[in-house]
Amino acid sequence: MRIGMAMPLALAALAGGGLGHLAPPGLFEAWALCLLWLAGRGHWRAVMLGGLVAVTASQILLARGAVLPDGLLREDLLVAGRIESVEDEGRLSRLMVRVDACRPLDSARLPCDALRRIRLSFYGAPEIHAGERWELTVRLRPPAGFANPGTFDYGAWLWREGIQATGYVRSEPAARRLASAPASLRERALDHLDAQDLTPQARRWLAALTLGAGERLERDDWDLLNASGTTHLVVISGLHVGLVAAFVLLVGRGVARVATPRHWRMAVWPWWLAGAAAVGYAWLAGLQPPAMRAMIMTLLGLWVVSGRHAPGPWQAWWLALGVIVMLDPLSVWRPGLWLSFVAVALLILIWQGRPRLRGIRGWSWGLVRTQLLLAPLMAAAVLMAFARLAPAAPLVNLVAVPLVSTVLVPLGLLGWLFAPVPLLGTLCWRLFELTTQVLVHVLELSVALLPLWWPLAELVWPLALMLGAVALLWALPGLAGTLRLGATLLLVPAMLGLEASGPEPGTLRVRVQDVGQGQLIELRSASYRLLYDAGPRFASGFAPLSSLWPAGQRFDEVMVSHDDLDHAGGVAVLAERHTVGRYLAPSGESIGVPFDSCLRGQTWQRDGVAYRVLWPPEETAELSSNDRSCVLEVTAGSDRLLITGDVGRDIERMFLLDVQLPVTLLVAGHHGSRTSSGPQLVQMLEPDHVIYSAGRHNAFGHPHDGVVRRFRRAGSCQWSTALDGAVTFWLGHGEAVSPSAARPAAWRRGGVEGRCHAVESRQ
């Protein structure tokens, strides 16, 4: 293939990924006819590129087709496969399993033999090691995550990692080990590392930096790296693979110079040896997507530097992108792919056509210039990918990048090289340990001075675009210095002056968060913030509230409807990570923190928005926990919100006459259970909108069929966090309410409900 085809090749691979993801009807039929027409006209280059589009699209379609069908929900499946990774989380183990065979225990069910990769929770797991083959009885669900604005998209992560189902291991029939892990050089290396007399921190960082064992790093390590903007340093990247290849190339060329002094410059074998070293090191690091990406880019870099019929830097860039997407089409959705390629593209821009650096002064200035120019663009890319900004990154990378690239990684690799010579190997790793302590101290100091910043969701894109514009102003060649400086002086104050448009006085933003089978509602006005419920806490100990906001938030009041774990499970996270002015809960409940009682008749106003508690009364001893739930009515202008917690139908009738009409928005009681939302409440209130706070594929069948039909007859628009993700309403504007969903689904827009989403019953 000619090098001039590099860009069309990459664009064809990317187009195939996009078409496969969109999967319009008749895709392959139309594409096949198009290719036949092109072949008939003799356009063979176009046919080749069109074939590449079809091959890439077919891989995406196969990945989508392998997703667990809904018909296998809550069914026992017998899975045999190889354990790819094990993460110990105390009470449970997280397993990544490469599936070899799968069948339902009930032979009448749908087949599951298309599954290839699944993620499992194993409670009380026996000792399991990566590489072993196991037979497990599991219950699975299609891959999905919570959908909340500005938060980590777990469902998207599952997709781009090629995981077709998640679930848990059943205790009966018991799990059975089929085969031990085969001999692995990587596992032997990790075992050897564990036996060394080094601090746990040094062992973790050495494993991550030299073997790509990022799973060895603890949560505190990752938090420090994220906050300082240095996560890229511990990913097996072009830096690590390139250092190995460069070292082997220098040794090979040195040997060639001694062996054939007259012709050593023409020797080809040192370049092949360096390429083999790059492949071998990437394989040793597990050949995960970052390592494979680094390997391909290093091989192309060796080709470019060798100068023998080599492509130019941009051709190599396009060729590397095309090859990676062809080999792993799902990488198109991985932020790491675009972060690395954007960084390399900027490096090409700022150094193309410039003289080669010479001397310590030249290399030092080159490093500083590169980091300063990379900083705004990489900050913009990280903002778009992860919605966070590390203010310390530009300065700390000036220290961390040279320290890691010229000291830590070489010392770590030399320690492995000299492992057969205990004294030399130990010396290298002792120096690595000391240098790691210095680096960690620098990172901790930088984060203490400039902590990680999570901008509001509406500021992410404006900030990212401005940062990208600043980077391009200084990176693009040929621009006048006055233009660069003048535009920067305009953009920087604009960035500093960006402010999120908060609610105006008298208006209220209501957001029913997607927290699975539980409830968490955020009410926010101009200067007041209230949480109704704190979401669930699951058997694993995870509380979804911890993923909604960075630490340090302030909530004026938190009203916990009652102490069930699906409503009060996140209170401990609130108390630990955030500041709460006052907790409210029914008398007689226990939510883990001191609280004031919510009582019928309580009222208060904030920012022109009125709050009123309709239930419970003072005497609640004879009531169940559900029936003691705090019932809250909120009025903003002509709009009204009602939240009834988990009270049953009998209790609904006791406060129904106190509700002011009309009701714009009702959060359905008890997640849409048949025990709540009785006929009297629905007929009297006839709310414009109803939201069910329920979990996706929940085992309770919420919302219940009868409740859905009841609200449909009343003409209410119905929403469900299980289908729509977080649902946001703005009340008090004095105009038609226009809600927005975090998980828009085109196939449900304009359904049987007209302008409403069609929340269907199960029957």
Side-chain angles (χ1 to χ4, degrees), residues 148-150 456 500 502-515 518-536 543-545 548-550 552-563 566-575 577-586 589 591-616 629-637 639-646 659-660 663-667 669 691 693 721 726-733 739:
N148 295 296
L456 295 174
E504 300 174 357
T507 63
L508 180 73
R509 190 190 74 182
V510 180
R511 177 168 290 163
V512 182
Q513 302 281 8
D514 179 13
V515 292
Q519 185 165 275
L520 191 157
I521 306 166
E522 182 187 15
L523 309 181
R524 194 162 192 170
S525 57
S527 61
Y528 180 72
R529 196 174 183 187
L530 179 145
L531 284 189
Y532 183 98
D533 282 338
L545 184 143
L548 292 176
W549 304 286
Q553 302 290 303
R554 173 170 176 80
F555 299 94
D556 297 280
E557 289 176 306
V558 173
M559 178 178 286
V560 179
S561 62
H562 60 302
D563 63 8
D566 56 338
H567 294 257
V571 169
V573 177
L574 280 170
R577 302 184 59 191
H578 306 292
T579 301
V580 176
R582 180 176 67 150
Y583 290 93
L584 291 164
E589 300 290 281
I591 63 173
V593 294
F595 64 87
D596 294 339
S597 297
C598 59
L599 291 172
R600 185 175 192 169
Q602 289 174 332
T603 61
W604 65 96
Q605 284 199 4
R606 296 290 188 279
D607 302 323
V609 178
Y611 300 81
R612 187 163 65 114
V613 178
L614 302 183
W615 190 264
S629 293
C630 301
V631 176
L632 181 65
E633 180 192 78
V634 186
T635 303
D639 294 319
R640 191 162 291 107
L641 161 70
L642 182 64
I643 310 173
T644 63
D646 279 0
V659 178
Q660 297 182 37
V663 173
T664 308
L665 174 62
L666 170 70
V667 180
I691 302 179
S693 182
T721 58
V727 184
T728 304
F729 282 77
W730 287 88
L731 305 182
H733 281 293

Q. Could you walk me through whether Arg606 and Ser525 pass the side-chain hydrogen bond (donor to acceptor under 3.5 Å, both in side chains) check?
A. CA-CA 8 Å; Arg606 296 290 188 279; Ser525 57; over 6 Å; no
Q: Let me see the working for Ser561 and Asp533 under side-chain hydrogen bond (donor to acceptor under 3.5 Å, both in side chains), right down to the final yes or no.
A: CA-CA 6 Å; Ser561 62; Asp533 282 338; 2.9 Å; yes
Q | Over 12 foreign heavy atoms within 6.0 Å of CD, Gln660 | A |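 Correct, the count exceeds 12.
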Q) Is Tyr583 close to Val593 at the side-chain level, that is, under 4.5 Å between some pair of heavy atoms? A)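 Yes. Closest side-chain heavy atoms under 4.5 Å.
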Q. Tell me, do Leu523 and Leu641 make a side-chain contact under 4.5 Å, heavy atoms counted?
A.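 The answer is yes, as the side chains (C-beta and beyond) meet within the 4.5 Å cut-off.
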Q.
Once side-chain contact (heavy atoms from CB on, under 4.5 Å) is applied, do any residues pair with Thr664, and if so which ones, sequence neighbours excluded?
A.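 By the side-chain contact (heavy atoms from CB on, under 4.5 Å) rule, Thr664 matches Asp639, Asp688, Leu731, Val737.
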Q: Could you tell me whether the side chain of Asp596 and the main chain of Leu584 form a donor-acceptor pair under 3.5 Å?
A: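 No, because the side chain of Asp596 does not come within donor-acceptor range (under 3.5 Å) of the backbone of Leu584.
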From [X] atom [atom1] to [Y] atom [atom2], the distance as rounded to the nearest 0.5 Å:
X: Ile591; Y: Asp563; atom1: CD1; atom2: CG; result: 8.5 Å
X: Leu531; Y: Gln513; atom1: CG; atom2: CD; result: 8.5 Å
X: Ile643; Y: Met559; atom1: CD1; atom2: CE; result: 8.5 Å

Q: Name the orientation class of the two ring planes belonging to Trp604 and Tyr611 (parallel below 30°, tilted from 30 to 60°, perpendicular beyond 60°).
A: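 Ring orientation of Trp604 relative to Tyr611: parallel.
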Q: Establish, yes or no, whether the cationic atom of Arg529 lies under 6.0 Å from the six-membered ring centre of Trp549 and within 45° of the ring axis.
A: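 Here Arg529 passes the 6.0 Å and 45° test against Trp549.
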Q.
Closer than 4.0 angstrom, basic N to acidic O: yes or no for Arg582 and Asp556?
A.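 Salt bridge between Arg582 and Asp556, a charged N being under 4.0 Å from a carboxylate O: no.
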